[in-house]
Enquirer: 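Pasting in a structure now, in structure tokens, and then I'll have a few things to ask.
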Number of protein chains: 2
Amino acid sequence: MNDSDEGAGQAAPSRRKDARRNQKTLLDAAAAVFVTSGVDAPVRDIAAKAGVGLGTIYRHFPTRADLIIGVYRHQVDACADAGPALLATSPSPHSALGQWINLFVDFLVTKHGLAAVLQADNTGFEALHAYFLDRLLPVCTEMLEAAAVAGEIRPDTDAYQLMRGVGNLCIGAESDPRYDARRMAELLVAGLRRPHH
Amino acid sequence: MNDSDEGAGQAAPSRRKDARRNQKTLLDAAAAVFVTSGVDAPVRDIAAKAGVGLGTIYRHFPTRADLIIGVYRHQVDACADAGPALLATSPSPHSALGQWINLFVDFLVTKHGLAAVLQADNTGFEALHAYFLDRLLPVCTEMLEAAAVAGEIRPDTDAYQLMRGVGNLCIGAESDPRYDARRMAELLVAGLRRPHH
DNA sequence: GCAAAAGCGGAACCGCGTTCCGTATCGTTT
DNA sequence: AAACGATACGGAACGCGGTTCCGCTTTTGC
């Protein structure tokens, strides 16, 4: 899949020195451009910001998804790690789930255009979708199960659908002042509560 | 806004006869192409299907939103009309709301790519967004108020946010077999139930 | 039938993603 | 240090799709 690093792996001990430097430069440039122009920013803009040619960016990050993953991997991992922590410190699994979803929503709405590109059907972004699922689905599943065991929610809830639904709720949220994705996500989480305990 | 008709108005009594015919031809062609290729289908495809030039399509429908509105106006109107009817026949306002949302979701998920293009921030689709809001928001507001008066839901629920949330939930639903937008929408509606006192 | 008005077609232009290859740089070997 | 293969770089060039623009055709009013 990935010959050297980009995508899912980050250790790049081999390779030529300039190549490694360029990779880092590109990630920094991409992060900066993503903030100002969103994750859909023209590839040329990122290349220009990094001061490299187009060939270079495509060699290091064959798809835009690779670039996005590279830029946000740490934050996604942090979100994943927060799950078990919340489960341990929260008064109830359902409350932990709510807080965790809040974290996820906050992450998504502050990355312009990221939520829109996260859905599975978006051609060329399968890797991105897969990475998010890979990291977050187990956590979500764990929390849902804990809540189900505690009898707080219906036991038939599917973690994938919940993640997908929450991700969808975040689409375009950053550019619509009348819309509050966090509130909608809370409603969704509230909706899976058991009718009465 | 619209010199003649496209967009929100449909009566086109004046104009040249061939122009009126082309407009109809274009709507039919667009409807057909939307079914097979989604609402993002290349303009050229629609022009080809209709057997007209590019200039013609842009003259009749300056933006893609105009075309989409033209194609789906009747169905949107039907959905709007269904609201009061459901309110009258359903056992409770909340139940009517749930059924109405189901109608809306079914409409959206069967129109490939429509939900994705419905959100406000999508440049060039303001007219589409506005039309949907124009027709459906009053209905949604009415149903929410009825449910609030009946004490079934919290009284502070915003119709715009609900519509936007439901619309978002439908994005990409048609191409992801693991995802059931209707179920998520039901969860959302369930979530605004009053926490029984 | 004729001229102005209205409408039509599609070439052309632009932005953007993506590919490809001649050139430059690196690092290793002698 | 010189030389040479491997590795990486830059950017021209191509394809696709949206949008504009203008010379030509059809319609309509007289």
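In this text, all values refer to a predicted model and were calculated from it rather than measured experimentally. So you know, we letter chains A, B, ... as the sequences are listed, proteins then strands, and number each from 1.
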Enquirer: Parallel, tilted or perpendicular: which fits the ring planes of B:F107 and B:Y72, with parallel below 30° and perpendicular above 60°?
Expert: perpendicular
Enquirer: Dump the intermediate steps for side-chain hydrogen bond (donor to acceptor under 3.5 Å, both in side chains) on B:H112 and B:E174, then the final yes or no.
Expert: CA-CA 7 Å; B:H112 289 202; B:E174 73 272 6; 5.0 Å; no
Enquirer: On DNA chain D, does the nearest nucleotide to B:L54 precede the nearest nucleotide to B:R21 from the 5' side, or the other way round? Give the residue.
Expert: B:L54
Enquirer: Please tell me if the side chains of A:L87 and A:E142 come closer than 4.5 Å, counting only heavy atoms from C-beta onward.
Expert: yes
Enquirer: As a test of reading the structure: which of D:dA8, D:dT28, D:dG18 is closest to the side chain of A:A19, going by heavy atoms?
Expert: D:dA8
Enquirer: Taking NZ in A:K49 as the centre, count heavy atoms belonging to other residues, nucleotides or ligands within less than 6.0 Å. Is the count above 12?
Expert: no
Enquirer: Which whole-number value in Å describes the distance from B:H60 NE2 to D:dT19 C1'?
Expert: 17 Å
Enquirer: Excluding sequence neighbours, so at least two apart, what forms side-chain contact (heavy atoms from CB on, under 4.5 Å) with A:T63?
Expert: A:A65, A:D66
Enquirer: Between B:V189 and B:W100, is there a side-chain heavy-atom distance shorter than 4.5 Å?
Expert: no
Enquirer: Does anyone know the first and last nucleotide of DNA chain C in reach of chain B, 5' to 3', at under 4.0 angstrom to a heavy atom?
Expert: C:dA5 to C:dA12
Enquirer: Just how far, in rounded Å, is P of D:dC9 from CZ of A:R20?
Expert: 12 Å
Enquirer: Mind calculating the distance between CZ (A:F61) and C1' (D:dC9) to the nearest angstrom?
Expert: 15 Å
Enquirer: Could you check B:T63 against A:V52 and say which one's nearest nucleotide on DNA chain D is further toward the 5' end?
Expert: A:V52
Enquirer: With a 4.0 Å cutoff (strictly under), does any side-chain N or O of A:T56 reach OP1 or OP2 of D:dG10?
Expert: yes
Enquirer: Check the pair A:Y179, B:D121 against side-chain hydrogen bond (donor to acceptor under 3.5 Å, both in side chains), reporting the backbone distance first and the verdict last.
Expert: CA-CA 11 Å; A:Y179 180 66; B:D121 62 320; over 6 Å; no
Enquirer: Using heavy atoms to find the nearest nucleotide of DNA chain C for B:G53 and A:R64 separately, return the residue whose nucleotide is more 5′.
Expert: B:G53
Enquirer: Keeping B:R64 on the side-chain end and B:A41 on the backbone end, is there a donor-acceptor pair under 3.5 Å?
Expert: yes
Enquirer: Can you tell me how far P of D:dG11 sits from CD1 of A:I57, to the nearest Å?
Expert: 14 Å
Enquirer: Would B:D18 and B:R16 satisfy salt bridge (charged side-chain N to carboxylate O under 4.0 Å, His left out), going step by step from the backbone distance to the final call?
Expert: CA-CA 6 Å; B:D18 56 345; B:R16 256 166 59 170; 3.0 Å; yes
Enquirer: For D:dC9, does OP1 or OP2 lie under 4.0 Å from any side-chain N or O of A:N22?
Expert: yes
Enquirer: Can you tell me how far C1' of D:dT19 sits from CZ of B:R59, to the nearest Å?
Expert: 13 Å
Enquirer: What is the distance, rounded to the nearest whole Å, between atom NZ of A:K17 and atom C1' of D:dA6?
Expert: 16 Å
Enquirer: Quick check on contacts: within residues 39-51 of chain A, what sits under 4.0 Å from DNA chain D by heavy-atom distance?
Expert: A:R44, A:G51
